[in-house]
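The structure displayed is predicted, hence computed values, not measured ones.
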Amino acid sequence: MGEKPIAKGKVAVEEEEYEDRDDDDGAQLGNGGVILVLFETPTGFALFLRPHALMHPVWLKDFQAFEDKASALSLDTGVSEQLAGMIRRFICPGQTLAVGKQEYVTIIQSNLGIKCLWNAEVMELMWGLNNLKEHLVPAGKSELSKEDCLPMCEGMKFTLNKSIIETTGLLYETDYHVRKHGESMRYAGKHLKKISGINAEDWDLLKLATAIMMLCYPNGEYKLVGNLPELFGDDYSKLVDDAPKYKGIFRKLSCLRAYAEMVRSRRIRSKAARRLDSLVTAAERIYDEAQQARVIKQE
């Protein structure tokens, strides 16, 4: 008997849908799927480029402080001249602008005629950028004079506005490309409970994907990452012995693609996390040296 696909949205999604999804999304977003992101900070607005393609980071294009940020973008005043000019300078024809609030979609589309995007994925991206805002726009910047800001800006401009931003964007991308398989993986975990009595509720997604690969390819057709007996403990023998019982339940190619993407994402994330740690350490050192130099100068 051949393999039977199960409901759309589960592990056995159709291959055609899997392959076409990224191309369709890119076409809908315009500009080859590269969107412009309008990120709001306590003192102003920043613009980032965010490619739709897998594993790409975000790039900071511009940041501007606003004396009256409340009126820069609101239902009452529309879009200020300063913010409108900033957006128009970097937006490409047909490109989509991602925004952090639903009302911003209405304001910008009605005032500037620019297509905007606000959804769950955008909010996750904003959350990631928000966690970095103390590096992007140092706390209390609006209270510092231009002269006071200069040493730090000159010493950290490249590191903070390029390397750290890009690396943090890469961390977000790798996490997203694991999390997006969460629903299908958890659905598959229910089969483990039903057929083998294995409770996988507390397993991370990569461990769950590895177990599914063992069941899809019980003869070792694909090399799996890690020490499997150590990873699964007492459940390892159950997975090996029960593999024939799962024949036809999962669509192998979809499972293989999901597993490969998750493994690749975790490897990239591990390297990116180490790089980010070293970059932040270097940035903190540069900042401390700049502060010490400012104190000495004042004395």
Side-chain angles (χ1 to χ4, degrees), residues 1-26 51-56 121 124 170-275:
M1 181 180 295
E3 295 177 347
K4 298 180 180 179
I6 57 181
K8 179 181 177 182
K10 306 305 181 183
V11 174
V13 295
E14 294 292 341
E15 275 84 357
E16 292 82 0
E17 178 185 349
Y18 186 98
E19 292 169 351
D20 294 342
R21 187 183 305 146
D22 284 345
D23 291 340
D24 290 343
D25 289 347
H52 176 69
L54 301 182
M55 304 304 173
H56 277 257
E121 290 185 15
E124 286 191 25
L170 184 57
L171 288 175
Y172 163 80
E173 287 289 328
T174 56
D175 285 343
Y176 168 74
H177 289 292
V178 172
R179 291 197 309 271
K180 74 178 186 180
H181 298 292
E183 181 183 357
S184 58
M185 289 297 119
R186 295 305 174 192
Y187 179 86
K190 294 180 180 180
H191 289 292
L192 297 183
K193 180 69 173 180
K194 181 179 179 180
I195 297 175
S196 301
I198 297 175
N199 185 358
E201 291 182 358
D202 296 332
W203 290 5
D204 63 63
L205 293 178
L206 183 55
K207 180 178 179 179
L208 190 50
T210 304
I212 295 170
M213 283 292 292
M214 288 180 60
L215 300 173
C216 287
Y217 301 96
N219 297 320
E221 296 93 328
Y222 290 93
K223 181 176 177 58
L224 303 180
V225 176
N227 185 320
L228 302 186
E230 182 179 327
L231 176 64
F232 293 107
D234 295 338
D235 293 324
Y236 177 75
S237 59
K238 294 181 183 178
L239 292 170
V240 173
D241 295 339
D242 290 350
K245 300 178 182 179
Y246 292 85
K247 185 176 181 180
I249 291 181
F250 307 123
R251 185 172 287 276
K252 291 184 177 182
L253 184 56
S254 293
C255 295
L256 174 61
R257 285 171 170 166
Y259 175 76
E261 182 177 21
M262 294 168 73
V263 170
R264 183 174 64 251
S265 296
R266 282 293 174 238
R267 286 174 173 167
I268 294 174
R269 191 190 196 288
S270 179
K271 294 179 181 179
R274 292 194 297 270
R275 174 170 171 75

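- Atom CG of D234 has 12 or fewer neighbouring heavy atoms from other residues, nucleotides or ligands inside a 6.0 Å radius.
- Taking 4.5 Å as the limit, some side-chain heavy atom of Y236 sits within range of a side-chain heavy atom of L228.
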Legend entry - Check against side chain to side chain contact (heavy atoms under 4.5 Å, CB included), T174 and R264: CA-CA 8 Å; T174 56; R264 183 174 64 251; over 6 Å; no
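- For the side chain to side chain contact (heavy atoms under 4.5 Å, CB included) test with R266, the passing option among L206, V225, D204 is L206; the others fail.
- No donor-acceptor pair under 3.5 Å is formed between the side chain of S270 and the backbone N or O of R267.
- When the shell of 6.0 Å around CD of E221 is examined, it contains more than 12 heavy atoms from other residues, nucleotides or ligands.
- Counting heavy atoms from C-beta outward, Y259 and H181 have side chains that stay 4.5 Å or more apart.
- Across all their heavy atoms, V240 and P244 have their closest contact at O-CD, 4.3 Å.
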Inset, instruction - For E121 and Y176, run side chain to side chain contact (heavy atoms under 4.5 Å, CB included): C-alpha distance rounded to whole Å, both residues' side-chain angles, the deciding distance at 0.1 Å, then the answer. - result: CA-CA 9 Å; E121 290 185 15; Y176 168 74; 3.0 Å; yes
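- Scanning both residues, A209 and M262, for their nearest heavy atoms gives CB-SD, 3.9 Å.
- Rounding to the nearest 0.5 Å places CE of M214 at 4.5 Å from CG of L239.
- Taking all atoms of both residues into account, the shortest heavy-atom contact from I212 to A188 is CD1-CB, 3.2 Å.
- In this structure, R186 CZ and S184 OG are separated by 10.0 Å, a value rounded to the nearest 0.5 Å.
- Between the CG atom in L208 and the CD atom in E201 there is a gap of 11.0 Å [rounded to 0.5 Å].
- The distance from atom CE of M213 to atom OG1 of T210, rounded to the nearest 0.5 Å, is 8.5 Å.
- Counting only distance, with no hydrogens or angles, the side chain of S265 and the backbone of E261 share a donor-acceptor pair below 3.5 Å.
- Of all heavy-atom pairs between L192 and A211, the closest is CD1-CB, 4.4 Å.
- Atom CZ of R269 and atom OH of Y172 lie 13.0 Å apart (nearest 0.5 Å).
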Legend entry - From CA spacing to verdict: side chain to side chain contact (heavy atoms under 4.5 Å, CB included), L215, K245: CA-CA 9 Å; L215 300 173; K245 300 178 182 179; over 6 Å; no
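- Each of Y222, Y246, F250 was evaluated against Y217; a single residue qualifies, Y222, per the ring pair (Phe, Tyr, Trp, His ring centres under 6.0 Å) test.
- The two residues M185 and A258 have their closest heavy-atom pair at CE-CB, 4.3 Å.
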